[in-house]
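Shown next, in structure tokens, is the structure this report addresses.
The chain is numbered in sequence order, starting from 1.
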Amino acid sequence: MSNSQKNEPPGAPARTAQLTDPHALRAYAHPTRMRLVGLLRTEGPFTATRAAELTGESVASCSYHLRMLAKYGLVEVAPGGQGREKPWRATARFTQWPNYSEDPAVAEASRALETAVAERYFELITRAIEERHDLPREWQEAEHIGDQVLYLTAEELADLGEKLDRLLRPYEDRQGDPAARPQGVRLVQIVRAAFPLPQRPGAGNEETSIAPDSAGGPR
């Protein structure tokens, strides 16, 4: 158990749920299930009836997907209620799965899940751009979407990810503690992706083998 988990108040969700079973990975790849877990983390606990109101799905569909998520440890029944009116809650703030596995089934299921996640991110980013004009000016100016192409070793790329994690950690406690949120906060989605670009066939050395297709650099 990590120190952060030891310091959590009783009943608080764990920080991270680890998925390593290919069946669990494929189960989580369903877009409705990913959405339900995300909603439970930000607006839960709630019942299948409330889930249907939030997602536009039927109560029966939400109930089924919640049971499937519970099967793989991503959600659980919260205290109170019964039947379809029993509330559900997320078991963790984040979900992690392996980037690499020697098990072909796990590797394939991880790729399928990451593809589904990337599609969900694209949907969220596109919607944010389309609805930006409805935001107050300060929020429109605060939003940023951009990219940057860097020469990094694998070790430096991994270290960069850890540094970004540490940078964001101080804001995590606001998720479950409204009293910790300063005036004027909004729920903000931060999307991260870092990956090596493809190499040009026949390139003579690593320094000239990268084929950058950046959308325009940092913003």
Side-chain angles (χ1 to χ4, degrees), residues 1-8 12-22 24-26 28-29 31 33-35 37-38 40-42 72-74 90-126 128-129 142-177 180 185-199 206-207 209-219:
M1 178 180 292
S2 69
N3 289 333
S4 63
Q5 289 175 326
K6 287 179 180 178
N7 295 331
E8 294 285 1
R15 183 174 190 272
T16 305
Q18 298 280 351
L19 296 184
T20 56
D21 178 84
L25 291 164
R26 291 193 177 279
Y28 188 45
R33 292 172 194 163
M34 283 193 291
R35 190 176 179 195
V37 172
L40 282 169
R41 288 170 176 167
T42 58
Y72 295 108
L74 290 164
T91 57
R93 296 179 181 177
F94 304 96
T95 308
Q96 290 185 345
W97 55 88
N99 286 353
Y100 170 81
S101 175
E102 295 184 355
D103 185 334
V106 173
E108 182 179 353
S110 292
R111 285 194 296 270
L113 174 54
E114 289 194 335
T115 298
V117 169
E119 291 172 348
R120 176 61 177 160
Y121 287 159
F122 178 77
E123 176 187 343
L124 291 170
I125 292 170
T126 301
I129 294 170
E143 280 190 359
H144 51 272
I145 298 174
D147 70 320
Q148 190 165 355
V149 178
L150 305 170
Y151 284 98
L152 301 172
T153 65
E155 291 77 13
E156 288 171 334
L157 180 56
D159 180 61
L160 183 59
E162 293 175 0
K163 288 177 178 177
L164 288 171
D165 277 337
R166 290 196 295 271
L167 181 66
L168 298 173
R169 276 287 184 108
Y171 303 96
E172 289 181 11
D173 289 341
R174 298 178 181 181
Q175 187 82 354
D177 183 9
V185 298
R186 291 184 61 144
L187 200 58
V188 174
Q189 180 95 37
I190 297 177
V191 178
R192 292 161 46 193
F195 46 86
L197 293 168
Q199 294 183 325
E206 288 186 350
E207 291 187 357
S209 64
I210 301 299
D213 53 0
S214 164
R219 287 183 58 190

What is the minimum heavy-atom distance between R41 and A92, and which atoms define it?
-> NE-O, 2.8 Å
Looking at A29 and M34, what are the two nearest heavy atoms and their distance?
-> O-CE, 3.7 Å
To the nearest 0.5 angstrom, please state how far the CD1 atom of I129 sits from the CD1 atom of I145.
-> 4.0 Å
Which atom pair, heavy atoms only, marks the closest approach of Y151 to E156?
-> O-OE1, 4.2 Å
Locate the shortest heavy-atom distance separating L19 from Y72; write the atom from each residue and the value.
-> CD2-O, 4.3 Å
Between P98 and S110, which heavy-atom pair has the shortest distance, and what is it?
-> O-OG, 3.3 Å
What do the steps show when you test W97 against V117 for side-chain contact (heavy atoms from CB on, under 4.5 Å), and what is the final call?
-> CA-CA 12 Å; W97 55 88; V117 169; 3.9 Å; yes
Within a radius of less than 6.0 Å around OH of Y171, do more than 12 heavy atoms belonging to other residues, nucleotides or ligands occur?
-> no
Starting at CG of L160, measure out to CG of L152 and round the result to the nearest 0.5 Å.
-> 6.5 Å
Find out whether R120 and E123 are in side-chain contact, i.e. whether some heavy atom of one side chain is under 4.5 Å from a heavy atom of the other.
-> yes
CD of E172 to CG of D177, rounded to nearest 0.5 Å, is 13.5 Å
From OH (Y28) to OG1 (T95), nearest 0.5 Å | 3.5 Å
Between T42 and Q189, is a side-chain contact (heavy atoms from CB on, under 4.5 Å) present by the stated rule, with each step listed?
-> CA-CA 11 Å; T42 58; Q189 180 95 37; over 6 Å; no
Please determine if R169 and D165 form a salt bridge, counting it only when a charged side-chain N lies under 4.0 Å from a carboxylate O.
-> no
E114 bridged to R111 by N-O distance under 4.0 Å | no
Atom of L25, atom of L113 and distance for their closest heavy-atom approach = CD2-CD2, 3.8 Å
side-chain contact (heavy atoms from CB on, under 4.5 Å) between T20 and Q96: does it pass, once the steps are laid out?
-> CA-CA 9 Å; T20 56; Q96 290 185 345; over 6 Å; no
Any Lys/Arg nitrogen of R26 or E108 sitting under 4.0 Å from an Asp/Glu carboxylate oxygen of the other?
-> yes
